[in-house]
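Working notes, beginning with the structure itself.
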Amino acid sequence: MSPTDPLAPEPVDAPIEAPLLTARGIRKSFGDVEVLKSIDLTVPRGNVVALIGPSGSGKTTVLRSLNGLEVPEAGTVEFSGGDVVDFAQAPSKRQLASLRDRSAMVFQQFNLFPHRTVLENVIEGPVQVQKRPKAEAIADARALLERVGLGAKADAYPFELSGGQQQRVGIVRALALKPQLLLFDEPTSALDPELVGDVLDVIRELAAEGWTMVLVTHELTFASHVADTIVFMDGGVVVESGPPSEVLQNPREARTKQFLHRLLDR
Amino acid sequence: MSPTDPLAPEPVDAPIEAPLLTARGIRKSFGDVEVLKSIDLTVPRGNVVALIGPSGSGKTTVLRSLNGLEVPEAGTVEFSGGDVVDFAQAPSKRQLASLRDRSAMVFQQFNLFPHRTVLENVIEGPVQVQKRPKAEAIADARALLERVGLGAKADAYPFELSGGQQQRVGIVRALALKPQLLLFDEPTSALDPELVGDVLDVIRELAAEGWTMVLVTHELTFASHVADTIVFMDGGVVVESGPPSEVLQNPREARTKQFLHRLLDR
Amino acid sequence: SPSSTSDGATSDGKLKANSLAAIQEAGVLTVGTEGTYKPFSYHEDGTGELTGYDVEIITAVADKLGVKAKFEETQWDAIFAGLEAGRFDVIANQVSINDERTAKYDFSKPYTVSPGVIVVKDDNTDITSFADLAGKTTAQSLTSNWYELAQKNGANVEAVEGWAQAVALLEQGRVDATVNDNLTFLDYEKQKGDTGLKIAAETDDPSLNAFVFTKGNTELQQAVDKALDDLRADGTLAKISDKYFGSDVTQ
Amino acid sequence: MTESLWELLLRSLLPIVGGALTGTIPLALLSFALGLVIALGVALMRLSRIRVVSGLARGYISIIRGTPLLVQLFVIFYGLPSIGIIVDPWPSAIIAFSLNVGGYAAEVIRAAILSVPKGQWEAGYTIGMSRGQTLVRVILPQAARVSVPPLSNTFISLVKDTSLASLILVTELFRQAQQIAAFSQEFMALYIEAAVVYWVICLVLSSAQSVLEKRLDRYVAH
Amino acid sequence: MTESLWELLLRSLLPIVGGALTGTIPLALLSFALGLVIALGVALMRLSRIRVVSGLARGYISIIRGTPLLVQLFVIFYGLPSIGIIVDPWPSAIIAFSLNVGGYAAEVIRAAILSVPKGQWEAGYTIGMSRGQTLVRVILPQAARVSVPPLSNTFISLVKDTSLASLILVTELFRQAQQIAAFSQEFMALYIEAAVVYWVICLVLSSAQSVLEKRLDRYVAH
Ligand SMILES: Nc1ncnc2c1ncn2[C@@H]1O[C@H](COP(=O)(O)OP(=O)(O)OP(=O)(O)O)[C@@H](O)[C@H]1O
Ligand SMILES: Nc1ncnc2c1ncn2[C@@H]1O[C@H](COP(=O)(O)OP(=O)(O)OP(=O)(O)O)[C@@H](O)[C@H]1O
Ligand SMILES: [Mg+2]
Ligand SMILES: [Mg+2]
């Protein structure tokens, strides 16, 4: 009943060549301030895309737009084999839900449900939303928790866990939905420096197993190891993007250089 | 009226050889758990002592014991030229106050007074506690704010500042008291990675100007540059201490090596 | 109000609530009363059955009408509102007849005729007539006509909830007097024995107390009047009065 | 006069407690339960982004909290008959009290819902829950925790306010005390006796509150 | 009879509003101000680590909240004279209402003090302030912010509760309405009129609350 490898992503039917996700011309303002100024983003299946950039550059807003937590004023998001969601046309609830069904998000602040145990947190989506049999959901959840080293914590409440453990539960809660795309928003920045390693290790494994991910991070060394593509944003635009060897080691743009210098030189 | 160099520490009368602060045999338990198991600490005048160690090792508790925010069960703290405060004898309010008068603390979470402007935050101690003339306190405060690049923010409320700016106000609030000793508890760990630099720069300057400081930090590279002494704690004891070149580059103890490895290898 | 035919039916043929016909059809006369007004309307021992002078008389009246009396107890504030809202058919609570009330309601013939008295402390010699109330302080229940009487005589009136509070203020020396029904004071003395209080003066004109009906409920009013006449004739009224007051206060 | 004050108080205890058991307590419990349902609805309306809906909720809350409960009772019991609606005493009391609780508790519940971090809504959405599902399974259980103390205040006030029900022919604790006071003229003693009974009820409620708070606190660090 | 209902209501407005201005409003304001002082003291006692002190505060709060305000008023006005203490109506009312506010508001203030992060106390201590200085200059100004909404609830309840003062001879809004109602027999109409006046007072209070909240919110991110 439980899958042989709980960490492996669900197979998808679409042809292997099409990118899993294509976002085009995403624009978003808060009040008078235009925070995203026509962002394009392509996420090939099985790839890891890392968004980097200064605070306030719009990284979080991009991520939240991809799963409809933020509704941009313009732009399209398309999952391979799914509808084109056109934000200029005021997307329906169904369309936003379809974005959320295909992706799962891991938050900076974890956002676990404090009133539910670890196991209950993980099976909430599969059982309540996806209507999967509870026994099956529990078996899967236990296998996943085991994989991230939290088998013994299934019945603990979130407050009983360290930050790193909570974030691993957050990741498992996302994985349990078997989404096509994982979104991570600075998953380690609310953690004590020493706990960061555990969570990065889990993400590293997920990347190795072929999950498609978009992640926002300040951990440049980590990003350079794990990402296929680095996207550097500033002031609501993509300044440059490419493989880590280019963007991190040999940035073309002055703004990228300045940013990397600031963050690395300490 | 305002001192020529607002960042320079107050001169002290005691002979230059005596250490500014000597703590001996500090023990502290929370409930059944002994968190500090006889800690000794010597802080020579003008030196910077950095406390490092894993989470829960007792670093914060040591710092809080030095200014009486935590009252240990046993041990003594002595400022050069002051009383020996013996915690085993249940120190009086006056004794705890004398510790606080000689030191000032900068918190991880800043703990600025949200209902007061930046300037009001800074002059609160000098005017309300030290009863200095308000005009003089304001002049000093403005000079200090200027020095850390916040001259223009004197009338802002804390919520209007970035984390890094708030922490610089926290430092100025401590400096304005003209304490003999500055205590820093992870002053940058609540900051966005990019804002860390500003605060570290200020601390670096203070060290260069001869302030005596004890600081808890996870920023090892920074500590190795700025500290005269590194104290590595684990499980409520000092495992090893010495100059950065020894403790950080050539640790003797296995526990130290393991800790450094964990934190640096990412 | 909708025009009612002489048998108490509205023009659309339905029986009008509170009409005599409706009451007789239901076999129940609903009576509004306070239940906390001794000796007129109160509970036996405080915890037992509802009883009292008014309660017994209206029960006898209901008997004569061939219906059962059903009592609804509420506070004075709500008692007229209840009558107007059709919650009760009649009020039996020592309501005295005065101009404002006759303008709004119909009254039966009076069944209590009793003077008002000024009650003062035993040692009070200042007040011997109603004229002496001028400039004095009295405690009066807001809802009684004694309030008006005291005010008319120049008293400084403090409004209290009822007799018990008025007496408390009098005994504590916080007011000089209270004006109330002779009967209320007599009952209080009967219960308490030596009260340290006395009657300082009595009104010339007695107050007349009667049952109250909604305006225009003439059939019911006439039927009750007739019942009262019968009860007077067969001595029932006098008997009930004697039981509570040792004399006939019904005329 | 033949019976001492103590005998009177002792003899009164049974009817007063009886009034509590048959009047005060069921009235308070029932009205509170219904009031909570109303309050939840009104709180959600008040939080609605549709102006008219939240305006209606605001108006309701303002009138309920701004006018005396006594008048609310009066209007329902003695006022409605003038437009042809006749409601019996108990239903009237329950309607008035639960509408009243609805107004006060709505603000408590609204504040409690707002106190749940926005991230909890978002976490619900991102695992695919609808707004309603997130509300019921994620937000309300957490809002319950913070709203217990203020709601128990509302409940305790309600217990004492039920004494107004005697105005509309419902017999409860305080009415019993008044009856005995009217007979014995010992209003002070009997009112104090009634107050003691109210106090006992409120003590029981407060300890129920503590138990509930502990239960709801089990998933929170102490 | 010669005057229509509308004329009566119009004629009543002046005395009712007068009752509000000379009775209800000063009574509520004064009692609330004194009540806040009591509440602050009781809240600090309740937070004390000394068992007896916090126990006393608990007992006070429990009795005040657990017993009807009516009885509290009666005990002070009609009960105290039996031990030789005679208090006039107005002082009695103010004592009773401010003690009452003291009990309810103490819990609000206690919660507000506890809601200020511990770090604020520590920041006060580390700049050398005493416990008292920190309380007054650091904690209370911040506690004020969170306690405005619940305290305004207490205030609004108080405004309506002052009608009980008529039971101890204080003339206020509701007493005026009752008086006119008793003479004109128009209870329903006058009670509704009184309710409208209460409502207006509460509307004014609510907007004062908003203004105050905004003022206290100026140092908080929105
Ligand atoms: N809900 C909002 N209302 C108004 N402005 C917002 C809101 N959310 C974000 N912004 C603004 O949009 C800009 C981009 O924000 P965003 O959070 O996407 O940046 P970011 O790159 O994720 O920054 P960080 O590294 O600090 O998380 C910022 O200027 C921010 O202040
Ligand atoms: N108030 C308290 N009550 C109970 N236990 C406490 C308290 N404060 C600290 N502790 C415990 O004491 C131990 C040492 O805590 P301390 O905060 O001094 O560690 P630290 O070295 O500063 O850790 P970190 O790097 O995580 O800040 C920890 O196990 C902690 O859980
Ligand atoms: Mg972000
Ligand atoms: Mg620490």
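If you're wondering where the values come from, they're calculated on a predicted model, not measured in any experiment. Numbered from 1 within each chain, the chains take letters A, B, ... in sequence-line order.
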Report task. Among Arg137(E), Glu122(E), Met129(E), single out the residue with the greatest number of heavy-atom pairs under 4.5 Å to chain B. Result -> Arg137(E)
Report task. Output yes when a side-chain donor or acceptor of Gln133(E) lies under 3.5 Å from a complementary backbone atom of Gln128(B), and no otherwise. Result -> yes
Below 4.5 Å from any heavy atom of chain E, which atoms of [X] appear? Answer side chain, backbone, both or neither.
X	answer
Ser103(B)	backbone
Phe113(B)	both
Leu96(B)	neither

Query raised in the report: What's the shortest heavy-atom distance between Gly128(E) and Val129(B), and which atoms?
Result: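 Where Gly128(E) meets Val129(B) most closely, the heavy atoms are O-CG1, 3.4 Å.
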**Report entry** Contact summary for Phe159(B) and Arg218(E), nearest pair of heavy atoms
**Finding:**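 Scanning both residues completely, I find the closest heavy atoms to be CE2-O, 3.3 Å.
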Query raised in the report: Do other residues, nucleotides or ligands put more than 12 heavy atoms under 6.0 Å from the CD1 atom of Ile85(E)?
Result: yes
Requested in this report: Give, as side chain, backbone, both or neither, the part of Gln120(E) having an atom under 4.5 angstrom from any heavy atom of chain B.
Outcome: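 Backbone plus side chain of Gln120(E), per the 4.5 Å heavy-atom cut-off to chain B.
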Query raised in the report: In terms of heavy-atom pairs under 4.5 Å with chain E, which of Gln109(B), Arg173(B), Arg116(B), Glu160(B) leads?
Result: Arg116(B)
Requested in this report: With rounding to the nearest 0.5 Å, note down the distance linking NE2 in His115(B) to CZ in Arg145(E).
Outcome: 12.0 Å
Query - From Asn111(B) atom CG to Ile127(E) atom CD1, the distance as rounded to the nearest 0.5 Å - result: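 Result: 11.5 Å between the selected atoms.
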